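For reference, the structure discussed in these notes is given below.
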Amino acid sequence: MANQRLNILVKKFLSDSILGVIVLLLLVGGVASFTIEVFFTLQNFTNFLSGSYFVMLLAMGMTVVLISGGIDLSIGAVMALCAGIVAKLALQGNSVPVVIFCALAVGAFVGCLNGLLVTVIGLPDFIATLAMSAFATGILFIWTRGTPIVGYMNETYKQLGGLAPIYRDITVPMVTAIVVAIALGALLKTTKFGVHLFSVGSNRLATRQSGINVSKIRILAYVISGICAALSGIIMAGRNTTVPPDLGAGYEVLAIAAALIGGASLMGGRGRILGAVLGEVILAMAINIINLLGVPSSYQKIFIGGILLLAVLVNQLVISLQKKVFSRDNDKK
Amino acid sequence: MRFKNYFFRSVSITGVPIFGLLIFTVAIFQFVVPIFNGTVADYITNLVPVLLLTVGAAIVIIGGSIDLSIGTVCGLSAGITMWTLASGLPAALSILLGVATGAFFGLLNGFLVTKLRVNDFIATLATLNISGGLLIVLSQATELYGAESEFFTSLVYGRFLGIPTSFFIAGGLILLMQFLLLKTILGRRIFAMGNSGAAANVAGINIRNVKLATFILSGTLAGCAGVLLASRLGGVQAFLGLGYEFTAIAGAVVGGVSLAGGRGSPAAALAGGLFIGTLTQGLQLIGVEPVFFGIVSGLALIIGVIFDQKIQDIGQLRSRFDSRVLAQPPRRQGDRG
């Protein structure tokens, strides 16, 4: 009985779409730990993971939007804007909860604005969020006049950014990423909203015709991604110790890459929070390996491009193998 | 009555509304500060590479995909051209090599997307990093320069009948693309594929080859843009081309090219690209502080797209049934699916 149940569990795991990502993770990690001595040490792991939590948060928010069938190009800029708000308000001497609340509120507000542009006005997701990214960066530029905001750091912000641990190796960004991952995972798996989100992403028209408020779901997806960006911005403000106006440039692309490696689809209706987390771990690990191998920094971009391709190809290979194996299984029955 | 009908029918053609908006913008700038008198040639010469990229982006988007690599491929093509010229190759050969670089990356993108079935966004994102990285390696993170070919500089700065030669090159290429998309079998197939890949497949079109063709076209255009960019700048920096892809895609979409695929034209993309270019250039000349540029261009993007959508909706509602206009159903991205 127990054996059978275990069998089912194993089979379920082997047919899961997340398997491709895990195989890839083990492959990259395995090869690296045999060839590079310092790779498989706790210190190296905490080192490269500590630099990945904020992108992880962005990737999780991006996954929610991708599932709903949209895309959010503004998260990098919103992250930078929220980091700027944290720095500005902290400089004015506001207490930490007020600062955090304001940053989260701005993130949610920008997300809501994205959602409204996409649903009420009917702009393409790509354009609306690209424009919002230009707005957010523009506001930060006007604020800072092109020079970084400095001098707001103190012990609390060090802790928020993960520069100082709260207990041994446990840092605030780590806890934030884990809590958000569990919360979003539960939201997608167990709530009505989660089911509706997948439905909207798979077939918008059918969802609307079955009486679900599509616009509301899509706006909420953007609000979630805005809040994730704000959380990431709060961490970034603490981690970076200064806020230059171009802080967020390029992070949206990293977040999309992590989400897509994790099994999300640009067509909507597919994606996993765990996938986004593992996708970002793979990216961070790959960059870490490149650094450890001593590749000159001018070659790094080429490698990142190659790894991106490799990741997607391996993932596809595993999924197609799964399909082959398990469709044969079903035929037998 | 009849005039009214013609009017509504013509504004519902993709690209016409944004062209109107473009003329309006130019007129306003001309009224506020007569800036376009002496500098109009310069201003379009500056825009030519980005306009070519916009047209390339439009072709891929019409086919239902997206190409994010065009910006850095353009930069790499510029780098290759400059590098080979500086190492003493004849100008014609290095120009050819620059264009070939673009075509090669187009082929690579197409191969990844059609044969290996990698998602187009990810595949071109990867080639964006690869081509951008290659330029950094090639330029050793500094700058490539040292082309001493008069023929090469005359690509942009030479004049024929008093008009810069780059106009003829870019104009010719864009006209060719317009013809290719609207008047040839391949063009019709690109539209068919963009509207519905599955339907096109069932109708017997080899959509893999058509998709491959769109990527090669956009890569080649990026190569041409790179050559012209190198000729204009006279030096190629390590990060040249980064971010051009967003300007190009934004220009195409403002011009009425639908990201859902199957709608738009090279000429419409050209109008959209010119609109964004004019706005930035005009604001610069008026003396708006650069810190406000992001906000203004974001606003322009939104207003341009809304204007295009609304006026086409009105036009399609008002004009009588016309197979040419209504061949594609009036749809918006927001209602996709």
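When reading the values below, keep in mind they use all heavy atoms of this one structure, side chains included, and skip hydrogens, waters and symmetry mates. In this text the structure is predicted, and so the values were computed from the model without any measurement. Per chain, numbering begins at 1; letters A, B, ... match sequence-line order.
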Which atoms of [X] are under 4.5 Å from chain B, going by heavy atoms: the side chain, the backbone, both sets, or neither?
X	value
A:Leu140	neither
A:Ile71	side chain
A:Leu313	side chain

Residue pair [X] / [Y]: nearest heavy atoms and the distance that separates them:
X	Y	result
B:Ala250	A:Leu130	CB-CD2, 4.3 Å
A:Gly305	B:Ala126	O-CB, 3.3 Å
A:Ala131	B:Gly298	CB-O, 3.5 Å

| field | Criterion side chain to side chain contact (heavy atoms under 4.5 Å, CB included) on B:Val137 and A:Tyr299, from CA distance to verdict | value | CA-CA 6 Å; B:Val137 172; A:Tyr299 284 88; 3.7 Å; yes

| When you look at B:Leu299 and A:Phe135, which way does the side chain to side chain contact (heavy atoms under 4.5 Å, CB included) test go after all the steps? | CA-CA 8 Å; B:Leu299 210 59; A:Phe135 278 136; 3.5 Å; yes

| said: Are more than 12 heavy atoms, taken from residues, nucleotides or ligands other than A:Phe303, located less than 6.0 Å from that residue's CZ atom? | reply: no

| request: Go through B:Ile136, B:Leu134, B:Ile122, B:Ile302 and name the one with the most non-hydrogen pairs under 4.5 angstrom from chain A. | output: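 Result: the option with the highest number of such pairs is B:Ile122.
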
Euclidean distance, [Y] [atom2] relative to [X] [atom1], rounded to 0.5 Å:
X	Y	atom1	atom2	result
A:Ile256	B:Leu125	CD1	CG	7.5 Å
A:Leu309	B:Leu112	CG	CG	5.0 Å
B:Phe246	A:Leu73	CZ	CG	5.5 Å
A:Ile302	B:Ile130	CD1	CD1	8.0 Å

| Taking side chain as C-beta onward, heavy atoms only, is A:Ile142 less than 4.5 Å from B:Ile295? |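 Answer yes - side chains close enough.
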
| field | Proximity of residues 58-67 of chain B to chain A, residues having a non-hydrogen atom under 4.5 angstrom | value | B:Ile66

